[in-house]
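Before any comments, here is the structure.
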Amino acid sequence: GRLGELKALYERHGLRVGAMALPVQFRQDEETFQKDFAGLGRLAAAAAEMGCTRCATWLLPASDDLPFEENFELHRRRLGACATVLADHGLSLGLEFVGPKTSRDGKQYEFVYDMPGMLALAGAGVVMFVRALPR
């Protein structure tokens with residue numbers, strides 16, 4: 001199939017997959033999240049077949065809609081669920097925070113934008129791995 005063709009193309013050119021972007025719209029409404037989340041296992045299995053072991057996404061550092069605690073719980077629940085599915089297929093989830101103050105300016109509620117916030121999110125149930133890239 002198409003996955004086999006893609007895998008053969010990568011092998012022919014001596015390439016390997018470094019990472020995949022999280023294919024789930026976790027920042028939007030619940031219906032959109034659930035629709036995307038339903039397909040995550042299939043996509044994670046395909047990524048694993050390609051030799052991919054990493055998945056990554058980033059967090060918006062502020063919101064006009066959700067106070068910190070509500071936003072934290074939404075991210076804990078949704079990203080935790082994604083991380084569990086990814087881990088079932090041998091993929092780790094990496095999260096990036098956006099640090100500059102200008103990225104939060106003008107927003108009503110701040111969110112995770114630094115390492116202490118990221119570690120709190122990880123400690124609250126989001127499985128997150130930090131790995132050094134091979135040299």
Side-chain angles (χ1 to χ4, degrees):
R2 293 174 59 192
L3 185 60
E5 292 172 17
L6 181 61
K7 191 173 180 181
L9 178 67
Y10 269 63
E11 289 172 1
R12 190 165 55 250
H13 292 283
L15 301 174
R16 64 181 187 171
V17 178
M20 66 180 266
L22 182 63
V24 176
Q25 294 296 329
F26 65 92
R27 298 174 190 93
Q28 296 182 15
D29 61 278
E30 187 67 22
E31 183 180 348
T32 301
F33 169 73
Q34 290 297 336
K35 181 176 176 260
D36 285 355
F37 181 72
L40 181 59
R42 179 181 55 80
L43 294 172
E49 179 68 26
M50 288 293 300
C52 183
T53 61
R54 298 177 183 103
C55 182
T57 193
W58 51 277
L59 307 181
L60 290 170
S63 172
D64 279 332
D65 303 317
L66 294 175
F68 183 91
E69 293 78 15
E70 290 178 43
N71 207 1
F72 190 92
E73 177 55 25
L74 179 136
H75 280 75
R76 185 204 63 74
R77 180 177 58 80
R78 291 180 176 181
L79 292 176
C82 290
T84 298
V85 170
L86 292 167
D88 287 346
H89 296 280
L91 281 78
S92 59
L93 176 61
L95 301 177
E96 174 186 358
F97 60 84
V98 178
K101 184 181 181 313
T102 53
S103 62
R104 302 185 304 277
D105 287 346
K107 297 289 186 184
Q108 187 167 357
Y109 307 107
E110 288 188 345
F111 189 54
V112 172
Y113 64 88
D114 59 8
M115 188 53 76
M118 189 62 77
L119 291 173
L121 189 58
V126 176
V127 180
M128 180 179 66
F129 299 93
V130 178
R131 292 183 181 168
L133 295 175
R135 294 182 182 212

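- Within the 4.5 Å cutoff, no side-chain heavy atoms of L121 are placed close to those of F97.
- Ring planes of F68 and F111: tilted class, angle from 30 to 60°.
- Y10 and L3 end up in the same hydrophobic cluster when Ile, Leu, Val, Met, Phe, Trp and Tyr side chains are linked at under 4.5 Å.
- Looking at heavy atoms from C-beta onward, L91 lies in side-chain contact with C52 at the 4.5 angstrom threshold.
- In this structure, the side chains of N71 and L60 stay at 4.5 Å or more apart for every pair of heavy atoms.
- Put simply, the side chain of S92 does not reach to within 4.5 Å of the side chain of L86, judged on heavy atoms.
- The shortest side-chain heavy-atom distance between E70 and D65 does not fall under the 4.5 Å cut-off.
- L15 CG to K7 NZ: the interatomic distance, rounded to the nearest 0.5 Å, is 14.0 Å.
- To the nearest 0.5 Å, atom NZ of residue K107 and atom CG of residue L66 are 11.5 Å apart.
- Minimum heavy-atom separation, Y113 to V98: CB-O, 3.4 Å.
- For E30, the CD atom is densely surrounded, since the number of other residues' heavy atoms within 6.0 Å is greater than 12.
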Chi angles and distances behind the side chain to side chain contact (heavy atoms under 4.5 Å, CB included) call for W58, R27: CA-CA 10 Å; W58 51 277; R27 298 174 190 93; 3.4 Å; yes
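- Annotation: the span from C55 atom SG to L43 atom CG amounts to 9.5 Å, rounded to 0.5 Å.
- Going from atom NE2 of H89 over to atom CZ of R42 covers 11.0 Å, rounded to the nearest 0.5 Å.
- Between R104 and P100, the shortest heavy-atom contact is NH1-O, 3.5 Å.
- L119 and L59 fall within the same hydrophobic cluster, defined by Ile, Leu, Val, Met, Phe, Trp and Tyr side-chain heavy atoms under 4.5 Å apart, directly or through other members.
- Residues H75 and V112 fail the side-chain proximity criterion, which asks for heavy atoms closer than 4.5 Å.
- Clustering ILVMFWY residues whenever any of their side-chain heavy atoms sit less than 4.5 angstrom apart, transitively, puts L93 in a cluster other than the one holding V17.
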Trace of the side chain to side chain contact (heavy atoms under 4.5 Å, CB included) decision for L79 with L22: CA-CA 10 Å; L79 292 176; L22 182 63; 3.9 Å; yes
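- Closest heavy-atom contact between C82 and F37: N-CE1, 3.8 Å.
- To the nearest 0.5 Å, atom CZ of residue F33 and atom CG of residue L74 are 8.0 Å apart.
- Ion pair E73/R76 flagged as a salt bridge, since at least one NZ, NE, NH1 or NH2 atom sits closer than 4.0 Å to an Asp/Glu carboxylate oxygen.
- Scanning all heavy atoms of the two residues, the minimum distance from Q108 to D64 falls at N-OD1, 2.8 Å.
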